[in-house]
Amino acid sequence: MEIAVIGSSEFTLGCRLAGIRNIHEIGGKDELIPIIQNILNDREIGVLVIHNDDLASLPENFQNILDELVTPTTIAL
């Protein structure tokens, strides 16, 4: 299982330095949902790390989907 990280370049920098390779940098909020959908379709991803502000900007029904999933487990920082 892999860890995937979604966020701005500032947010993902620490994860890159920690050795995480599955990084998805976003330039705007409109890029979030398509990237998350791709990650949800990837069976190799076990943990999804996302910035708390980015998670809060998602539609409520999409947040609920992420909350209910077992794999990948979503961690908001």
Side-chain angles (χ1 to χ4, degrees):
M1 292 268 165
E2 290 186 34
I3 299 173
V5 179
I6 300 173
S8 66
S9 60
E10 294 85 13
F11 178 73
T12 60
L13 178 61
C15 298
R16 285 185 192 278
L17 294 173
I20 298 173
R21 290 175 274 160
N22 197 337
I23 303 288
H24 302 272
E25 290 186 8
I26 57 169
K29 303 292 184 192
D30 57 326
E31 298 175 12
L32 269 176
I33 292 178
I35 291 173
I36 292 173
Q37 288 173 333
N38 286 339
I39 289 172
L40 295 180
N41 292 330
D42 187 345
R43 298 292 177 207
E44 293 297 314
I45 305 297
V47 177
L48 169 61
V49 179
I50 187 169
H51 193 279
N52 192 39
D53 293 341
D54 292 334
L55 183 62
S57 73
L58 293 172
E60 187 175 340
N61 63 340
F62 205 78
Q63 290 179 30
N64 292 336
I65 291 169
L66 292 176
D67 285 342
E68 294 175 5
L69 286 175
V70 175
T71 304
T73 300
T74 303
I75 300 173
L77 300 177

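Note that the coordinates shown come from a computational prediction; the quantities given were computed from them, not determined experimentally.
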Exercise. Hey, does the side chain of Asn41 reach the backbone of Gln37 with a donor-acceptor pair shorter than 3.5 angstrom?
Worked result: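 Yes; judged by distance alone, with no hydrogens or angles, the pair exists.
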
Report the distance from atom [atom1] of [X] to atom [atom2] of [Y], rounding to the nearest 0.5 Å.
X: Cys15; Y: Ile6; atom1: SG; atom2: CD1; result: 11.5 Å
X: Ile23; Y: Thr12; atom1: CD1; atom2: OG1; result: 5.5 Å
X: Arg43; Y: Glu2; atom1: CZ; atom2: CD; result: 14.0 Å
X: Asp42; Y: Ile39; atom1: CG; atom2: CD1; result: 8.0 Å

Problem set entry | Ile50 vs Leu32 side-chain heavy atoms within contact, under 4.5 Å |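 Yes; the side chains approach each other to less than 4.5 Å.
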
Problem set entry | pair Asn22-Glu44: side-chain heavy atoms closer than 4.5 Å |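 With C-beta onward as the side chain, the pair stays apart.
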
Exercise. Can Leu48 be reached from Ile26 by stepping across I, L, V, M, F, W or Y side chains whose heavy atoms are under 4.5 Å apart?
Worked result: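 Yes; tracing contacts between hydrophobic side chains, which count when under 4.5 Å, links both residues.
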
Exercise. In terms of hydrophobic clusters joined by side-chain contacts under 4.5 Å, are Leu13 and Val49 together?
Worked result: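 No, Leu13 does not connect to Val49 through the hydrophobic network.
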
N/O donor to acceptor pairs below 3.5 angstrom from side-chain atoms of residues 60-67, sequence neighbours left out:
from, atom 1, to, atom 2, distance (Å)
Gln63, NE2, Leu55, O, 3.2
Gln63, NE2, Ala56, O, 3.2
Gln63, NE2, Leu58, O, 2.8
Asn64, ND2, Glu60, O, 3.4

For this session: Provide the closest heavy-atom pair for Leu40 versus Leu69 in the form atom of the first, atom of the second, distance.
Result: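 Result for this residue pair: CD2-CD1, 3.4 Å.
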
Exercise. What are the two closest heavy atoms between Ile45 and Pro72, and how far apart are they?
Worked result: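 Minimum heavy-atom contact is O-CB, 3.7 Å.
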
For this session: Write out all pairs satisfying salt bridge (Lys or Arg N to Asp or Glu O under 4.0 Å) with one or both partners inside residues 12-41, taking only residues at least two apart or from two chains.
Result: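 Output for this query lists Arg16-Glu25, Lys29-Asp54.
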
